[in-house]
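Remarks on the structure that follows.
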Amino acid sequence: MGAKRAPSAYFVFANEQRAATKEELVAAVTDGKAPSVADVAKSIGRKWRELGESAQQAYKDKAALLAADIAAAATDDTAANADSQANSNPETAEADNDEMPGLPLTSVKRIMCTDDDVARVSGDCVKSMAKATEMFLELLASRGYAQAKRHKRSTIKFCDIHLACVADKRLVDMGLKDMFEQEALFADARSDGKENLTTAKQTNKGGADTPTARPITDFFKA
């Protein structure tokens, strides 16, 4: 499994601003309707774009420190796994591996704890979060592959994942659409895939098999 990517500068900024931004939007409500996740994401994205270069650099520095921490954690995970495999029964180890999530638990825990509201998490909580994340990644990959296959490609591209999120209101409400369209990390991919995304959207308008919004519980069904 490849090295895990640390939260980007934008994600670090978003984590710091989310609570305050939500409070601002709630205070500004006049019709009694609570702001959605997408509203909060859009407001955070606007604040990020309004930051000066020096202010954004400060968050890039924070992201670099997180990247170093995650790289160190990955090294620790590798060493711990090697020791465990050397000292365990092969049959037991194989059974345990079938039950454990594929994502490094140490990295999952570190990412969870980047949220200021999270102080401590139990081992079972980290395992469940890792497994849920795994299943969600499988969902996005399968939907992205469906988009690629529809356009006679075997390679999943950025525009395929982007379109899969745009086509599902629940993924839009989670802020994935705004994240893909505003995150600096995807700037090159957005530029390269703009034509493909436009073509894909036009194709999907006439398609009968365009994904529709489903209950979140359906995401985790076999």
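Worth saying up front: this structure is predicted, and the values here are computed from it rather than measured.
Side-chain N or O atoms of Ser43 include none that pairs as donor or acceptor with a backbone N or O of Asp39 at under 3.5 Å. Between the side chain of Asp61 and the backbone N or O of Ala58 there is no donor-acceptor pair closer than 3.5 Å. Looking at Asp69, its side chain never comes within 3.5 Å of a backbone N or O of Leu66 through a donor-acceptor pair.
Residues Val172 and Leu25 do not share a hydrophobic cluster, defined by chaining ILVMFWY side chains whose heavy atoms lie under 4.5 Å apart.
Side-chain N/O atoms of Tyr10 and Gln56 include no donor and acceptor closer than 3.5 Å.
When all heavy atoms of Asp178 and Ala41 are compared, the closest pair comes out as OD2-CB, 4.1 Å. Of all non-hydrogen atoms in Gly144 and Ala164, the two that sit nearest each other are N-CB, 4.4 Å. Scanning both residues, Cys165 and Leu140, for their nearest heavy atoms gives SG-CD2, 4.0 Å. Thr21 approaches Ile44 most closely through the heavy-atom pair OG1-CG1, 3.8 Å. The shortest non-hydrogen separation linking Ser107 to Ile70 is OG-CG2, 4.1 Å. Listed here is the closest heavy atom pair of Ala130 and Leu105: CB-CD2, 3.8 Å.
A salt bridge links Glu134 with Lys131; the closest basic N to acidic carboxylate O contact falls under 4.0 Å. Salt bridge Glu23/Arg18: absent, no basic N to carboxylate O contact under 4.0 Å. A salt bridge links Asp168 and Arg143; the closest N-O separation between the charged side-chain nitrogens and carboxylate oxygens is under 4.0 Å.
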Step by step, would you call Tyr145 with Thr155 a side-chain contact (heavy atoms from CB on, under 4.5 Å)? CA-CA 8 Å; Tyr145 178 72; Thr155 302; over 6 Å; no

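Rounding to the nearest 0.5 Å gives a distance of 6.5 Å between CD of Glu50 and CZ of Arg46. In this structure, OG in Ser122 is found 10.5 Å from CE in Met129, a value given to the nearest 0.5 Å. Going from atom NZ of Lys109 over to atom SG of Cys125 covers 10.0 Å, rounded to the nearest 0.5 Å.
Leu171 is listed as a side-chain neighbour of Phe136, based on a closest heavy-atom distance under 4.5 Å. With a 4.5 Å cut-off on side-chain heavy atoms, Lys62 and Glu16 count as touching. At a threshold of 4.5 Å between non-hydrogen side-chain atoms, the residues Glu24 and Lys47 count as touching. Using a 4.5 Å cut-off on side-chain heavy atoms (C-beta onward), Ile156 and Ile161 make contact.
Using the six-membered ring where Trp is involved, Trp48 and Tyr59 have ring planes that are perpendicular, over 60° apart on the 30 and 60° scheme.
Residue Arg49 places its CZ atom among more than 12 non-hydrogen atoms of other residues, nucleotides or ligands, all under 6.0 Å distant.
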